[in-house]
Amino acid sequence: MKYEYSAIEKKWQKYWEENESFAASNDYSKPKFYPLVEFPYPSGAGLHVGHPRSYTALDIIARKKRLAGYNVLYAMGWDAFGLPAENYAIKNQVHPKTITEKNIDRFRDQLKSLGLSFDWSREVNTTDPNYYKWTQWIFLKLFEKGLAYKKEMAVNWCTSCKCVLANEEVVDGVCERCGSQVVRKVKEQWMLKITAYAERLINDLDGVNYIPRVKTQQKNWIGRSTGAEVKFETSVGSTLTVYTTRPDTLFGATYMVISPEHPMIDKYKESIENYEDCIAYREAAAKKSDFERTELQKEKTGVCIKGITAKNPVNDKEIPIYISDYVLMSYGTGAIMAVPAHDERDYAFAKVFDLPVIEVVKGGDIEKEAFTDIESGEMVNSGMLNGLTVAEAKKKIIEWLAETGKGEAKVNYKLRDWVFSRQRYWGEPIPLVHCDECGWVAIPESELPLTLPDVEKYEPTDNGESPLAKIESFVNTTCPKCGRPAKRETDIMPQWAGSSWYFLRYCDPHNDKELASKEALEYWTPVDWYNGGMEHTTLHLLYSRFWHKFLYDIGVVPTAEPYAKRTSHGMILGENGAKMSKSLGNVVNPDDIVRDYGADTMRLYEMFIGDFEKTAPWSTSSIKGCKRFLERVLGLVEIATLEKEDEETERELHRTIRKVSDDIEQMKFNTGIAAMMSFVNFAYDKGGLTKEELKTFILLLNPFAPHLTEEMWELLGEKKPICEIGVWPEYDEKKLVDTSKVIPVQVNGKLRGTVKVAVGLDEAAVRAEAEKDEKIAAALAGKTVVKVIYIKDKMLNIVVK
RNA sequence: GCCGCUGUGGUGGAAUCGGCAGACACGAGGGACUUAAAAUCCCUUGGGGGCAACUCCGUAUCGGUUCAAGUCCGAUCAGCGGCACCA
């Protein structure tokens with residue numbers, strides 16, 4: 001029988017489409033299952049072979065759950081705003097919408113050709129005004145609750161994209177997207193107060209089932225630390241507050257350092273004798289990109305502020321204040337107390353500027369290096385703290401600071417607020433108006449969506465304004481509050497906006513009254529299983545958790561966490577083991593694979609390629625093995641002629657059911673497929689199987705190779721397709737049990753032979769059987785048995801002397 | 001520098017609890033079929049030694065625990081990922 005994969009696949013894809021076989025039901029009385037994959041950015045390059053790895057994996061899980069009787073919502077959409085379409089538009093003078101639509105059509109066709117069981121009636125598109133109406137609505141709610149605010153700040157500025165980047169988008173000091181240099185630039189930006197949720201974003205990780213490395217990375221990124229804020233009095237009258245994780249070392253603070261951007265430099269300009277030097281240093285620091293600033297971290301630089309000193313609150317000692325760029329304005333208070341004896345950076349700085357180093361924790365050698373261990377050591381030179389451990393000293397000094405009003409315990413986070421505006425065109429307009437009288441005012445909900453107007457040129461301006469700023473009809477409006485002339489915000493939202501809540505829209509995608517109905521959200525959320533790339537851990541995944549928590553707080557969604565479970569797939573590399581890229585010429589096009597081997601083979605291969613969580617190189621020759629397997633599966637139809645069930649075959653089949661069922665749940669697709677291959681090999685060796693056995697096997701394979709299995713199901717005379725029957729095979733414990741077993745026999749831990757014995761035999765009987773074996777007997781000859789270890793039905797080890 | 005992960009045949013990878021290392025595939029070699037090739041089917045395939053039955057070695061390296069270690073413990077080396085002047 002020839003395997004006509006193209007015809008079979010077209011036939012069933014057509015059937016599924018016409019019958020809407022995978023549409024999620026709105027019958028909320030059934031048990032639900034909501035699997036989710038990250039929706040793609042529809043790039044001009046088309047689908048990458050990496051996409052189907054994730055999509056197929058959850059498709060298998062979705063299909064299995066459907067067969068097991070669940071109401072499954074598996075949907076797809078397009079994260080279609082973003083820079084590539086805009087850059088293409090600039091180059092070719094076409095509307096980004098045109099190219100985006102074209103790309104989406106291509107992606108949709110490609111996904112359909114893979115037989116993915118998406119409910120296409122729920123497709124969403126972030127660039128559709130009916131969708132981004134609700135993205136804007138959420139933004140307005142954030143604004144209303146004071147979580148969106150405009151702030152003049154130093155931002156990451158991509159010199160090539162001419163656009164602000166979020167911290168998460170700067171990787172190694174360059175733009176994550178284009179690799180160009182990122183510099184600091186002071187600009188007014190819309191910010192979202194994600195830091196207000198920092199604590200909950202960490203704590204609530206305990207209640208969700210995410211793979212450990214995702215949790216670790218998120219915690220790491222949020223970067224919670226505990227310590228204290230301490231107030232230092234200065235000679236100009238005001239206090240200078242610092243944050244420290246080591247308040248226990250306060251007696252060792254011999255100088256202070258403020259960041260070059262610290263406001264006190266300008267505030268006390270009159271008192272600073274070397275103000276010029278300070279400003280020169282600040283300007284030099286500002287010119288450095290983030291990259292340079294961290295590259296040069298070995299060499300400490302700085303300027304001593306002359307004319308102002310501070311007083312150490314524990315002993316009233318007068319200490320100098322320095323300016324240095326190793327202190328960041330964006331973390332803590334932008335000022336530190338320097339304890340060179342117990343901090344490596346302060347130590348390096350003190351050596352350069354020849355500042356005193358006072359040991360306050362005994363245990364290291366401060367002549368050589370800073371002693372930073374907090375587990376060992378005893379407090380010295382520290383007045384009331386002397387003799388205490390570091391932990392005890394921390395506690396005591398914090399109490400003292402609180403009593404005296406000189407400080408308090410404080411928690412800090414590395415996480416910073418989310419820079420939310422972009423000076424670009426292809427994104428959601430920010431629905432705010434600026435009025436000279438009323439300030440920033442939200443546009444009324446009834447005016448949503450605020451649609452993106454057409455422009456003639458898509459380039460951002462050199463002074464960093466969005467192309468929208470040139471559209472007078474868009475910019476000029478009236479204040480919704482007082483009616484006077486006012487101007488619209490012309491910045492747009494970042495790409496992460498639309499993707500922060502798309503899974504909520506799948507629940508009720510055509511609702512024009514709410515982002516989704518209460519009932520739909522109540523039933524479908526949280527997402528039961530979300531799979532996506534590790535590269536989104538500190539971006540999309542964190543942002544969407546933040547938005548979801550906010551929506552929970554205002555009563556829009558019923559759960560505090562959006563995703564009950566998060567897993568992650570490894571990347572697929574090129575055949576040469578390098579990342580697939582056009583320049584290396586190692587890109588594999590999924591269309592070619594579907595054409596030459598078929599969608600079922602492609603699906604199976606991507607699942608068989610290796611451990612789902614790990615990166616794996618593509619191998620064209622290995623695909624053949626999967627195709628061969630499917631051909632052999634089809635061939636089973638001809639030998640499914642046995643009338644009577646065979647005990648051994650039944651056992652193999654039931655083992656395969658158990659293995660495949662378990663492996664799907666654990667995403668161990670590769671071993672599940674291996675088990676099915678073994679069963680097929682077994683059936684051929686045996687020379688045949690019954691029709692019923694084959695049908696059970698077909699059901700098991702269905703989630704992996706849906707087209708071929710539907711075809712075979714029909715060939716075997718079934719009238720109703722698999723996708724309509726709702727039965728997942730169950731294994732029978734009784735059929736799994738063996739009557740006899742081969743057990744390894746070891747002598748002194750070394751394998752000397754095996755014996756076939758009845759199941760459940762006791763030690764003496766097995767030993768007697770083993771001694772009948774020539775080799776084992778030879779190994780025992782002339783020796784004294786010291787000990788015998790027998791694990792029932794597993795192994796026998798005889799220890800001799 | 002800190003945190004995390006991973007090291008298994010020619011290749012991708014298997015191996016619930018410590019219990020027959022290398023499942024399943026790919027590739028390679030040999031054979032059958034064929035005028036021939038492709039496809040298919042059968043056999044061999046971790047390494048060394050032996051005519052053979054057989055035997056020794058083998059999961060990055062070194063050491064330890066144990067009747068028994070790919071798996072547990074300690075040290076080292078290599079690779080990958082995350083964070084990184086975060087006080």
Side-chain angles (χ1 to χ4, degrees), chain A residues 2 171-172 212-221 223-225 227 242-247 249 253 256-257 259 293-300 324-328 330-339 342-346 348-349 372 412-416 534-535 537-538 570-571 577 604-605 608-611 613-626 628-629 631-632 635 662 666 668 670-681 684 742-754 774-775 786-791 794-800:
Chain A
K2 196 161 183 302
V171 175
D172 293 332
R213 57 198 170 124
V214 168
K215 286 191 185 184
T216 316
Q217 268 184 40
Q218 288 209 346
K219 278 183 192 160
N220 217 333
W221 185 261
R224 183 179 198 270
S225 77
V242 303
Y243 171 71
T244 177
T245 55
R246 296 292 306 273
T249 62
M256 299 185 80
V257 188
S259 119
R293 222 164 140 159
T294 50
E295 268 302 279
L296 297 168
Q297 65 180 265
K298 302 284 175 294
E299 283 292 306
K300 293 275 182 288
S324 176
D325 63 4
Y326 84 87
V327 173
L328 310 173
S330 49
Y331 183 77
T333 62
I336 62 156
M337 63 177 213
V339 185
H342 306 287
D343 181 282
E344 279 166 32
R345 294 148 300 170
D346 296 347
F349 189 86
T372 57
N412 249 314
Y413 305 92
K414 287 188 203 171
L415 182 71
R416 296 173 206 174
M534 280 309 288
E535 69 275 17
T537 305
T538 54
M571 222 194 312
L604 203 70
Y605 172 64
F608 190 58
I609 195 166
D611 187 331
E613 283 199 20
K614 295 206 184 102
T615 53
W618 186 267
S619 162
T620 303
S621 55
S622 292
I623 301 171
K624 288 183 198 145
C626 291
R628 238 173 251 166
F629 166 66
E631 283 163 349
R632 278 163 68 80
D662 290 353
Q666 291 169 54
K668 294 189 153 223
N670 53 341
T671 51
I673 292 167
M676 289 190 282
M677 287 174 167
S678 295
F679 178 78
V680 171
N681 292 344
Y684 274 100
V742 176
I743 355 185
V745 179
Q746 300 174 347
V747 177
N748 284 350
K750 287 204 172 184
L751 185 71
R752 292 295 167 197
T754 56
E774 243 175 75
K775 272 189 268 170
V786 181
K787 198 173 171 186
V788 177
I789 293 127
Y790 174 64
I791 296 162
K794 266 244 167 109
M795 56 82 55
L796 177 72
N797 187 10
I798 303 168
V799 186
V800 294

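Chain identifiers are assigned alphabetically (A, B, ...) following the order of the sequence lines, protein sequences preceding nucleic acid strands; residue numbering begins at 1 within each chain.
The phosphate of A87(B) has OP1 or OP2 within less than 4.0 Å of a side-chain N or O from Ser225(A). Proximity of Lys787(A) to the phosphate of C67(B): a side-chain N or O atom is located under 4.0 Å from OP1 or OP2. A sub-4.0 Å separation between OP1 or OP2 of A87(B) and a side-chain N or O of Tyr331(A) is present. Arg628(A) has no side-chain polar atom (N or O) that falls below the 4.0 Å cut-off from OP1 or OP2 of A25(B). In this structure, Arg213(A) does not reach the C3(B) phosphate: none of its side-chain N or O atoms is under 4.0 Å from OP1 or OP2. Look at Asn681(A) and you'll find a side-chain N or O under 4.0 angstrom from OP1 or OP2 of A25(B).
Counting non-hydrogen atoms under 4.0 angstrom, Lys668(A) reaches the backbone sugars and phosphates but no base. Residue contacts for Val742(A): at a heavy-atom cut-off of 4.0 Å it reaches a base atom on one of the strands shown.
Mapping Tyr413(A) and Gln217(A) onto RNA chain B by nearest heavy atom places Gln217(A) at the nucleotide closer to the 5' end. Residue whose closest nucleotide on RNA chain B sits further toward the 5' end, between Thr754(A) and Ile336(A): Thr754(A).
Comparing atom distances between the Thr671(A) side chain and each of C83(B), A87(B), A15(B) picks out A15(B) as nearest. Across C85(B), G12(B), C83(B), the shortest atom-to-atom separation from the side chain of Asn220(A) is found for C83(B). When distances run from any side-chain atom of Trp221(A) to the nucleotides A87(B), C83(B), C24(B), the shortest one goes to C83(B).
Taking atom P on both nucleotides, G74(B) is separated from G79(B) by 23 Å, rounded to a whole Å. C33(B) and A25(B) are spaced 25 Å apart, taking the C1' atom of each and rounding to whole Å.
The partner of C5(B), taking Watson-Crick or G-U wobble pairs whose two distances both stay under 3.5 Å, is G79(B). Nucleotide G22(B): unpaired (no Watson-Crick or G-U wobble partner with both distances less than 3.5 Å). With a 3.5 Å ceiling on both atom-pair distances, A15(B) lacks any Watson-Crick or G-U wobble partner. Across all strands shown, C51(B) forms no Watson-Crick or G-U wobble pair with both distances under 3.5 Å. Summarising the base pairing, C41(B) is matched to G31(B) through a Watson-Crick or G-U wobble pair whose two defining distances lie under 3.5 Å. Using N1 to N3 plus N6-O4 or O6-N4 for Watson-Crick, or N1-O2 and O6-N3 for G-U wobble, each under 3.5 Å, G63(B) pairs with C73(B).
Regarding the sugar-base torsion, C17(B) falls in the syn class, its angle being within 90° of 0. In this structure G9(B) sits in the syn conformation; its chi angle is within 90° of 0.
You'll find a donor-acceptor pair under 3.5 Å spanning the side chain of Asn797(A) and the base of C67(B), going by distance alone. Between the side chain of Gln746(A) and the base of G19(B) there is at least one donor-acceptor pair of N/O atoms closer than 3.5 Å. In this model, no side-chain donor or acceptor of Lys414(A) finds a partner on the base of C83(B) within 3.5 Å.
Here the CZ atom belonging to Phe629(A) is positioned 8.5 Å from the CG atom belonging to Asn681(A), to the nearest 0.5 angstrom. Here the NZ atom belonging to Lys787(A) is positioned 13.5 Å from the CD1 atom belonging to Ile798(A), to the nearest 0.5 angstrom.
Heavy-atom minimum distance, Ile743(A) versus Met795(A): CG2-N, 3.2 Å. Contact between Gly577(A) and Pro617(A) at its shortest, heavy atoms only, is CA-CB, 4.4 Å.
Remark: C1' of A28(B) and NZ of Lys624(A) are 13 Å apart, rounded to the nearest angstrom. Between the C1' atom of U8(B) and the CG atom of Asn670(A) lies a distance of 15 Å, rounded to the nearest Å.
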TODO: Could you check Met256(A) against Val242(A) for side-chain contact (heavy atoms from CB on, under 4.5 Å), going step by step and ending with a plain yes or no?
DONE: CA-CA 9 Å; Met256(A) 299 185 80; Val242(A) 303; 3.3 Å; yes
- [ ] For side-chain contact (heavy atoms from CB on, under 4.5 Å), just list the numbers for Val745(A) and Arg752(A), CA-CA rounded to whole Å, side-chain angles, deciding distance to a tenth of an Å, and then say yes or no.
- [x] CA-CA 6 Å; Val745(A) 179; Arg752(A) 292 295 167 197; 5.7 Å; no
Open item on the list: Please determine whether side-chain contact (heavy atoms from CB on, under 4.5 Å) holds for the pair Met677(A) and Ile673(A), giving the CA-CA distance in whole Å, both sets of side-chain angles, and the decisive distance to 0.1 Å.
Closed with: CA-CA 6 Å; Met677(A) 287 174 167; Ile673(A) 292 167; 3.9 Å; yes
Contacts under 3.5 Å, N or O only, protein and nucleotides 69-72 of chain B:
none

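Atom CD of Glu344(A) sits in a sparse spot, with 12 or fewer heavy atoms from other residues, nucleotides or ligands closer than 6.0 Å.
A donor-acceptor pair is defined here as one N or O able to donate and one able to accept, closer than 3.5 Å; such a pair exists between the side chain of Asn748(A) and the backbone of Val800(A).
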